[in-house]
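Small disclaimer: the values here were computed from a predicted structure and weren't measured. Lettering follows sequence order; numbering is per chain, from 1.
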There are 2 protein chains.
Amino acid sequence: MKKKSIKDIAQDLGLSKTTVSFVLNNKGDEKNISSKTQKRVLDYIREVNYQPNQIAKSLKKGNTNTIGYLVPDISNPFFAKIGRLLEDHFWEKGYHLLIGSTDENKDKEEQVLNMFVNRQVDALIVASCFIQGDSIKSLLAANFPLVFFDREDPDVEANYILVENKISMKNAVEKSIQNGARKLGLISLTPDVYSLKNRIEGYKMALINKDIGFDQDLIRIVDNNDLKQGTERELRKLIELGVDTIVFTNNQIAVIAIWLMNTFYKDKVNSIKFVSFDNVDQFDYSLPKVISVAQPIDKIAKYSTEIIEDILNSKKSENKRIELTPKLIERK
Amino acid sequence: MKKKSIKDIAQDLGLSKTTVSFVLNNKGDEKNISSKTQKRVLDYIREVNYQPNQIAKSLKKGNTNTIGYLVPDISNPFFAKIGRLLEDHFWEKGYHLLIGSTDENKDKEEQVLNMFVNRQVDALIVASCFIQGDSIKSLLAANFPLVFFDREDPDVEANYILVENKISMKNAVEKSIQNGARKLGLISLTPDVYSLKNRIEGYKMALINKDIGFDQDLIRIVDNNDLKQGTERELRKLIELGVDTIVFTNNQIAVIAIWLMNTFYKDKVNSIKFVSFDNVDQFDYSLPKVISVAQPIDKIAKYSTEIIEDILNSKKSENKRIELTPKLIERK
DNA sequence: GTGAAAGCGCTAACAG
DNA sequence: CTGTTAGCGCTTTCAC
């Protein structure tokens, strides 16, 4: 049994496509379709299990009820959880999520964005590695519904959902100093994103503030394409240099480092402390102990949804920049 | 500057839509379009940054290059990681992932499936909670490209990517008995899915096999809607009953239990051992020690992709049932 | 109350 | 070598 279209329904029932379409879109009353006809249509579509072709509808109406969700890696718990919350929020409103991971690769990001545009997504929620990219520029120029989160480029006017990177990192590091830290190293992904830059700034501020002073040699950078080995190398380096605390600018590296510590430096898991931006469940019961900065995932999702919906509903579009306060989590 | 369509391009260049379309689809040579014309078109589309409307194309061609990925929860690392691998595999082939989470809810599952069908996805990859559902039945009846993973219903003929649930659980439990376990409890989600049933079977088999015998009272079930509290309650119960080992049928509950142990039963994290189906990174360095059954995530993704591609390319469709062998991971 | 017809942007058979 | 045209399934204006 082939799939029925509106045309088929109309023919089978001896009606016109128009009438059927009106009924299907709950415009029966408004258009004065007799309730008898309406019932006939409704009963029939149930009987044959009619499924409207969303593609045709999209082509006609010019919207797809689809939101593109662009992130470095959908399997990173931070992005996965936000994705799930977005999915839930948008589900209510009839929007669905198309996903794309970029691995922080600018070319891939361009391609994914193009793909989203070609597919006529209605809006984009983006943790971009390259906000200055061509695609993004033209989207912004065209006033396309778009919100960035987790990443910022101060040179680019847009909607941003961010957290207070600098101050929270500063607080976290100061807390660890209060707890006794004296020689603090840092490991970060290449900070070509402002969030990471600011987190590193926060670390420096804390050290200066607490009269420890920072040593450029204790700031170690790991390349994105070399995560595992890079982290291993830099971790070893810091341990050799005799740090008592290691600060991480995001969960990814911290998680790898915890694994490394438990695998290769078992003797040091109690003497070395960690500080990490982002929070993951396992910090609660793993060693080394970690002071973490938990981003308010639910709020990030909530505000993203709200901004997008506002734009979609009313076309108003002064850009918003929302900066959320993360939660400092200390573990005994 | 409004978005250009093929029609605009054709007009601007004084050509017909056909010619432009042919060039755009690399059929220029095949259709004997002069290389001069081809170059004109190519140059022009670059200049105006033409983006083809994928929706229109989809409507015409009847395929959307979209794959629906239906899982209980996209933020569960198991499903997130597989999702990421699928995304990568399909990216190469020009397919993209539309996601839907069901929370193991039958109604939600039906709705998501309908959504996927309305949107004309070309294929589905599904970890379903209810393979006997109406939507799935009619998809299967219509020979829709579809592969199930992680879940099975032996009464339903279809493509399945599974793992050896029973035997691997048996092996894992026997291993823990070899290591000294004598009183083993089990906590599971409601086993209305065959995989879970089989995992529980494997647990029973091991106990019988090793002359321990199983006690129905040590098998505790947690409802999906009550994960946290349910797990807490059942964990407490088992501890009261004096088990030395707790077996979990999936990662979700095991992860919660690890957290609970470290929070409320710190004194017991060394005396009690865990066995868990699924593997997550944190098992490597958390207490209690866990013997885990690691599903071959990469193979699950690979075979899913292959089956789908085979169907999409050649329309052949004898159903496949692939049963993969998980890896037993023991931790000292 | 209901229907005819145009058109969303694209493809592809067919015509020249 | 290039253009005309029909049509994918749907919405919606206008007409009866």
Check: With sugar-phosphate meaning primed atoms plus P, OP1 and OP2, does B:T37 contact a base, only sugar-phosphate, or nothing at under 4.0 Å between heavy atoms?
Finding: sugar-phosphate
Checklist line | Quiz item: A:K60 side-chain donor-acceptor pair to C:dG7 base, under 3.5 Å | finding: yes
Note to self: Assess the residue pair B:E110 and B:K106 against the criterion (salt bridge (Lys or Arg N to Asp or Glu O under 4.0 Å)); give the C-alpha distance rounded to whole Å, side-chain angles, the decisive distance to 0.1 Å, and a yes or no.
What the structure shows: CA-CA 6 Å; B:E110 283 284 314; B:K106 293 175 186 180; over 6 Å; no
Notebook entry, point to check: Within less than 4.0 Å of OP1 or OP2 of D:dC10, is there a side-chain N or O belonging to A:Y50?
Noted result: yes
Check: Do NZ/NE/NH1/NH2 and the carboxylate oxygens of B:E47 and B:K4 come within less than 4.0 Å?
Finding: no
Next item on the list: Rounded to the nearest angstrom, tell me the gap between atom CD in A:Q120 and atom C1' in C:dC8.
Entry: 10 Å
Check: Considering residues, nucleotides and ligands other than A:K108, do more than 12 of their heavy atoms fall under 6.0 Å from its NZ?
Finding: yes
Notebook entry, point to check: So what does A:G28 hit on the nucleic acid, given a heavy-atom distance under 4.0 Å: a base, only sugar-phosphate, or nothing?
Noted result: nothing
Check: Checking only heavy atoms, does the side chain of A:S16 share a donor-acceptor pair with the base of C:dA4 at less than 3.5 Å?
Finding: no
Checklist line | Closest-nucleotide 5' rank along DNA chain D - winner of A:K31 and B:A56 | finding: B:A56
Check: Does A:N53 have a side-chain nitrogen or oxygen under 4.0 Å from the phosphate oxygens OP1 or OP2 of D:dC8?
Finding: no
Check: Is there a donor-acceptor contact under 3.5 Å from the side chain of A:N63 to the main chain of A:N65?
Finding: no
Item checked: Nearest-angstrom distance from the residue atom NZ of A:K61 to C1' of C:dG7 -> 15 Å
Item checked: Between D:dG3 (P) and B:L13 (CG): distance, integer Å -> 10 Å
Notebook entry, point to check: Hey, are B:Y95 and B:D122 close enough side-chain-wise for a donor-acceptor pair under 3.5 Å?
Noted result: no
Margin query: Check the phosphate of D:dT11 against A:K57, side-chain N and O only, distance under 4.0 Å to OP1 or OP2. Yes or no?
Written below: yes
Next item on the list: For A:K17 and D:dA15, give me the distance from atom NZ to atom P, rounded to whole Å.
Entry: 19 Å
Check: For the base of D:dT11, is there a side-chain donor-acceptor partner from A:T18 under 3.5 Å away?
Finding: no
Margin query: Nearest to the A:I33 side chain among D:dG3, C:dT11, C:dT2, which nucleotide is it?
Written below: C:dT2
Checklist line | Spacing between A:I55 atom CD1 and C:dG9 atom P, to the nearest angstrom | finding: 15 Å
Margin query: At 4.0 Å (heavy atoms only), tell me whether A:S34 reaches a base, stays on the sugar-phosphate, or touches nothing.
Written below: sugar-phosphate
Check: OP1 or OP2 of D:dT11 sitting under 4.0 Å from any side-chain N/O of A:S21?
Finding: yes
Next item on the list: Could you state the atom-to-atom distance from CG of A:N63 to C1' of D:dC10 in whole Å?
Entry: 13 Å
Checklist line | Shortest non-hydrogen contact from A:L140 toward A:V156 | finding: CD1-CG1, 3.4 Å
Notebook entry, point to check: Quick one: A:K27 NZ to C:dT2 P, roughly how many Å, whole number?
Noted result: 17 Å
Next item on the list: Describe the nucleic acid contact of B:L59 in one word from base, sugar-phosphate, nothing, applying a heavy-atom distance below 4.0 Å.
Entry: base
Notebook entry, point to check: When we call it a touch if two heavy atoms are under 4.0 Å apart, what does B:L15 touch: a base, just sugar-phosphate, or nothing?
Noted result: sugar-phosphate
Notebook entry, point to check: How close or far is atom P of C:dG1 from atom CZ of A:F22, stated in whole angstroms?
Noted result: 15 Å
